[in-house]
Amino acid sequence: MTEITQAKSYSPSDHEPVILARWSAAGCFHAEPTSSGAPYSVFIPPPNVTAALHLGHALNNTLQDVLVRVARMRGLNTMWMPGTDHAGIATQTVVEKRLLMQGKRRTDFTREEFVAKVQAWKDEYEAVILAQLREMGASCDEARTRFTMDPVCTAAVREAFFRLFQDGLIERGKRLVNWDPASQTALADDEVEMEEVDGFFWYLRYPLADGSGFVTVATTRPETMLGDTAVGVNPKDPRAAALRGKQVRLPIVDRVIPIIEDDYVVRPVELGGDPLDGKAKFASGFLKVTPAHDPNDWELGRRHNLQAINIMAPDGSISDRHGWTDVSAAARAFVGMSREEARVAVVAWFKTNGLLEKVIPYRHTVGHSYRSHVPVEPYLSDQWYVRVTDDRLCGSALRAMDEAQYEGERPASAPAARLGDGGLKFFPARYAKTFQHWHEGIRDWCISRQLWWGHRIPVWSKSFAVADAPEANAWTDRGACEMRRELSDGRIELFVCLPEALDATLGAQLTAAGFVQDPDVLDTWFSSALWPMSTLGWPNPARFELDGMLETFNPSAVLSTAREIITLWVSRMVMFNRYFLKGRLPFHSVFIHSVVQDGFGQKMSKSLGNGVDPRDIIATHGADAMRFVLTQISTPTQDVRLPIDMLCPFTQAAFAPKTITTASGHVVSAPTQLCPTDPKKQMVTAYGVSAGLVSATPETPLARNTSSRFDGGRNFVTKLWNAARFARAQCAGSTPSSDPVTAVALPDRWILARFALTVESIDRALGDYQFNQVADALYEFVWRDFCDWYLEAIKPTVQGDPVQQAVLRAVLDGILRIMHPVMPFVTEVLWEPVRSMSTAPVRGLDLPSASLLTVARWPTPAAELHDARAIESFERVQTLVTAIRNVRGERQVNDKRRITLHAPKEIIESIAAGGGAVETLAGLSRAEQVDPENRPADAVAFPFQGFELLVSGLVDAVDVGAERKRLEQTIADRTRAASGFQGKLNNAGYLAKARPEVIEETRRMLSQVQADLVAAQRTLETLSTTV
RNA sequence: GGGCGCUUAGCUCAGUUGGCUAGAGCACUGCCCUUACAUGGCAGGUGUCACAGGUUCGAAUCCUGUAGCGCUCACCA
C-alpha cells in the first residue's frame, strides 16, 4: 500500500475557510445573462436586518443552496440572488428601543439624523447576515447582493408606485385602519397580533327620542358610544316594526340618532337568532353603530349614509378636535381622558343615571400592536391604499394558479388567456389553498406607514379653495400624475405623484408652489413585492448596467419560504410581477419549508430571541454536518424540533440551560447562566443579549449553543472522509489507463446499479422538493451500500484488480458529486485527490473532470448500469450473510474466527456467484456442499429460504439446550407467520379480488416460511436423536 | 369561529395511487480497539400505528366522529 497523506478525521474549521476562498477566487457562483446554459434563478427571501440569522434561516438557505448547486452541476446558467430587507417597522423599533435605553427618543433627532442611526444598524447586521450565509456555504452570487433600499430597488419602487397611481390602482382613503396609539402609526392587518383578554359586556340603555321607552345595546367598548351615529336592529326582529322611523337620544352626548334596520345585526337566540352563532348568546338585538371606531360599523355607516364622528386623538385620548363637533356640556367632561379612563367614566355615568342594565364578564380576543403591544384602535385616518381587490391584481394572482391545485373554477381570464396563467405550483400542494383563500377574501392594502425608515411616498399635496384650484392636468402635462378629491370642508386637495426622474425639476417646483411631500413611508412589503424585478434592474436594467438580467433571470425557478409568507409576500410578488411584466410570473414554484422550533416547540424567531446562530453549530459540528441534518429533517408535514444545549465558554462542556418564562408565556434560556462545574463563573446567553438585558464581557462571556441533533451529520461526514481515505489507499498502486472498463465482479455490478438507482431517486425527490428523501437516499447509499457492503466485499480483491479499482474510484467520484450539494465543503476537499486517482474510466458512468467539484457535472448513469440481476444476486448474498452473522451473533462468536458453511447445491451456487463476497462478509473459511450422511459433529443448523444450512467451527462445544431453545423459538415464529399467510389464502374474497401478483407473492412467502419450518423441525429432531 | 396540519418504538421522525412479518436515526443491551472510520463494526429487544365507528378480501394509509397538540385566518355585539 502506497502512503497517502490524509488525516484520520476531518476538521471542518481547518478546511472550510480554505474552500470558501477557493470558490470565491474562481468566481464560480457568478452568473451573467450571456453565460451558457438555460437560466435557473432563485431569489433569496431577503432576511430582515433587525438581527442575525438563526437555524430557521439556515434551513431555508441550505435547501435553496441544494437546489442551486444541483442546477449549477447540471450545467444550467444558475444565479442565486442574495440580499437583505430594510423591514421598516421592525428595524425602526429595534433602533428606537436601543435609544430608549439611553434615555432618548426618535423625536430628539431630526429625521435625517435618525435615519442615519438606523442605517448604521443596518450596515452592521447586513454584514453579519452575509457572513453567516457565506459560512454556511450558500453559493449566492455575492457580487449581485442587494438591499431593498439600494438605488436600483428604489428606482423600481418609484416606477411601480407611479404606474399604479397612473392606472388608478392607488388611492387616498379616509378609512379605518389598525392604529397603534402608542407609536402612532397605521399597521397592516398582519402586523396586528390577536391576544385573549378578560373584558366585559356592558348593556347600555339608550332612551327613545319620543320618550316611549328605550333600547339596550351590548358593547365591549362603551367609550366609543360618544361617537355613535345610529342604533341597528335586524329587520326580522319582531320589535323592529314598532321602532321603524323612530330615533334615539344618545345619552351623555344628547345626539339624536336614527334606528336603522340591517341584516347584519345579530338577533338574540330567543328572538330567532342562530344558537350556533356565539354573538347571538350575548346580543341584545340592538347594535350601537360607531362608524368611526369599528370596521363593521364603518360598513354599516356606508350602507346607511351615516355620519362618521371621530372622537379620538391619534394618541387614543378622547378629543373634540378630530371631527367631533356636537360636544354637549355633559360630554365635555370626558374630553381629554385616555381611552381607558373614558371607558370607566362612561360606565360610571350610565350606572349613576340608571341606564346600565347589566354587566357580564367576557373573555375575547383583542388586536394588539406587535410593535408596542397596546390594543390596536380602529381609527379613522387618511392613508394610501393599493386596490389589490382589482381583477388586474387579485384576479391575476388567482389565474396564475395551477389548475389542478385550484379549488373550483378560476376567475375567467380578462381579456384573454395570458402568459403565466396556470403556471404557479405549490409544494406541498396543500398550501395552494392558503394562497387561494387569501385572495378570495382580500381587502385593499394599506401601504402608508407613519415611520421614518423606508421608501418615502412620492406624492406631494396641497389643499385649495375651489376657486383657487389649478386647472386639471396642469402637473400631469409636465410628466407627473395628479389626483384630486373634495375634503369635508369643501376645499379641494390635489395630489401629485412624481416619477423619480422629475424629482429635481418638478419636485422643486411643487415645493415652491407650496406643495408638501407626504412624510410617510411605504409598507416594507411594497418593495419586497418587487424583489424579483427590482434586483434585476426593472424598469431599466441598462441604467444599472444590468442589461439582459431581467429577460434572463425573471421568472425564477422557485421561491423557498415559510408558511406565513404566502400571504405577506408571495401573493404580492405574484400580483406585481404579473402586473408590470405582462403576466409573467416571478417564479414557477413555491416551496414551503417546515418551521424550525426550539426544544420547547416554539418557533425560532428573531423577535423572541430564541434563535440559534448557525455559526454556533458550524463551530461544534461543521457546516456540512449542519446542512445534512437540516436537509434530512425537512419533511413535508412535520415541523422541526431542535432541543438546544448550551456550551460553557470556560469548560467547553455542553449543558441544558436554565430557563425562564417571559411575560408573553414563552420559555427561553435565562439571560445569565452559571458554569455547571464552577458556579462562581457566569456567562450570558444569546437570548439575554438579544433582549438587551445583558451584554457579554470578558468576565461573563457569551455562551454558544449546540445541539446533539447534529451529531449524525458529523458522523456521516467522518464516514465519507474515511471511505475516501480507504479507497485512495486501495488504488494507490493502480496503473494509469484511459481505456474504459466494464464491471465484471458481482459487487462491482451491484454498486454501479445501486448508484444509478440512487441518482434516479435523488433526481425524483428534488423535483418534488422532498429534501428528506434526498438525504435518506444519500445516507442509505453511501453508508449502508457503499461502506458497509461494497467496501467490505472488495477488501480481499481490490488491490490486485484494476477493473475493481476503476469501479471503486468511479463510484467514489460519483458519490462526491451527488453529496456535494448537501455537503459542499468536505466533498470539495476530497475532490482533488479523488479525481487525480489514476484508474481507468468505467463504461456507462461518464464523469468528466473539472477543476472544482462545484462546477463538475451532475452524474447521469447510462441505462446499461441498471442491472436487475446483479441487484437480485447481491441481495441474496446479503440475506445469506445476515443469516450467518445472526447465528454468529447469537453464539457470540469472535469476529476473527473463521467458520465453515455446509449448504445444499443451490445455495453453494449462489455463493459461487458472489465471487467470494459471502465468504468475506460472513467470515467463512469455506463453503462446502453438505453431505446428509455425514454431518459435522459440532454443526449448528439454521433454516434459510427453505433449506437447512449448517455452520461448524463456531465454538468448541455445542450447547444442546440452548440450541433446542433457539430452534423452538424459530419454529414458533415461522408457525405464526405461516398461519397469517395461510389465513389470507383461505379467504375467498382475497383470492377473487386481490391483484394476481400480490396473491402470487403471498403464496411464495408461505411456501418459503413452510419450508423453513420443516427444516427447523428436522434439525430439532436430529438434535434430539443425537443426544 | 373558519381553514390547514399533527398524534407510529424511550426520544426525534419516515412510511408516495390501500397489499410482504410496520421502518430509520438517536438512546439501550451483548460482543468486537479486525491496518478506512470507536464520530466505528456486528448482532439484539422494543410498537393495540391517539380513540371510536365505517368502507374493503385487506386500513398506519380512505371516510365519519371524538380527544389532545400546533399553525394560520377572522369585522374586540
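Reckoned from all heavy atoms, side chains included, excluding hydrogens, waters and symmetry mates.
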For A:Phe781, ring-ring contact (aromatic ring centres under 6.0 Å, His included) partners two or more places apart: A:Phe755
Return the nearest nucleotide to the side chain of A:His437; candidates are B:U72, B:G3, B:U39. B:G3
Going 5' to 3' through nucleotides 9-15 of chain B and flagging B where a protein heavy-atom sits under 4.0 Å of the base, S where only the sugar-phosphate is that close, and - otherwise, we get ---SSS-
Can you list the residues that meet the ring-ring contact (aromatic ring centres under 6.0 Å, His included) rule with A:Trp721, with sequence neighbours excluded? A:Tyr10, A:His15
If the condition is ring-ring contact (aromatic ring centres under 6.0 Å, His included), which residues does A:Phe600 pass it with, not counting sequence neighbours? none
Of all residues at least two apart in sequence or in a different chain, which pass the side chain to side chain donor-acceptor pair (under 3.5 Å) check with A:Lys719? none
Residues in salt bridge (charged side-chain N to carboxylate O under 4.0 Å, His left out) with A:Glu261, at least two apart? A:Arg244
Pairwise P distance for B:U48 and B:G1, with rounding to whole Å: 34 Å
Atom pairs under 3.5 Å, N or O on each side, protein against nucleotides 56-61 of chain B: can you list them with distances?
from  : atom 1 : to       : atom 2 : distance (Å)
B:C57 : OP1    : A:Lys993 : NZ     : 2.0
B:C57 : O2'    : A:Asn987 : ND2    : 2.5

Under the rule for side chain to side chain donor-acceptor pair (under 3.5 Å), what residues qualify as partners of A:Trp569, not counting sequence neighbours? none
Looking at RNA chain B, which of residues 290-303 of chain A put a heavy atom within less than 4.0 Å of it? A:Asp294, A:Asn296
With nearest nucleotides of RNA chain B determined for A:Tyr779 and A:Arg430 from heavy-atom distances, which residue corresponds to the more 5′ nucleotide? A:Arg430
Pull out every protein N or O sitting under 3.5 Å from an N or O of nucleotides 41-47 of chain B, one pair per line with the distance.
from  : atom 1 : to       : atom 2 : distance (Å)
B:G41 : OP1    : A:Lys719 : NZ     : 3.3
B:G41 : OP1    : A:Trp783 : NE1    : 2.5
B:G44 : OP1    : A:Asn886 : ND2    : 3.1

Tell me, what's RNA chain B's dot-bracket, Watson-Crick or G-U with both distances under 3.5 Å, | for other-strand, [ ] crossing? (((((((..((((.....[...)))).(((((.......))))).....(((((..]....))))))))))))....
The criterion is ring-ring contact (aromatic ring centres under 6.0 Å, His included); which residues satisfy it with A:Tyr203, sequence neighbours excluded? none
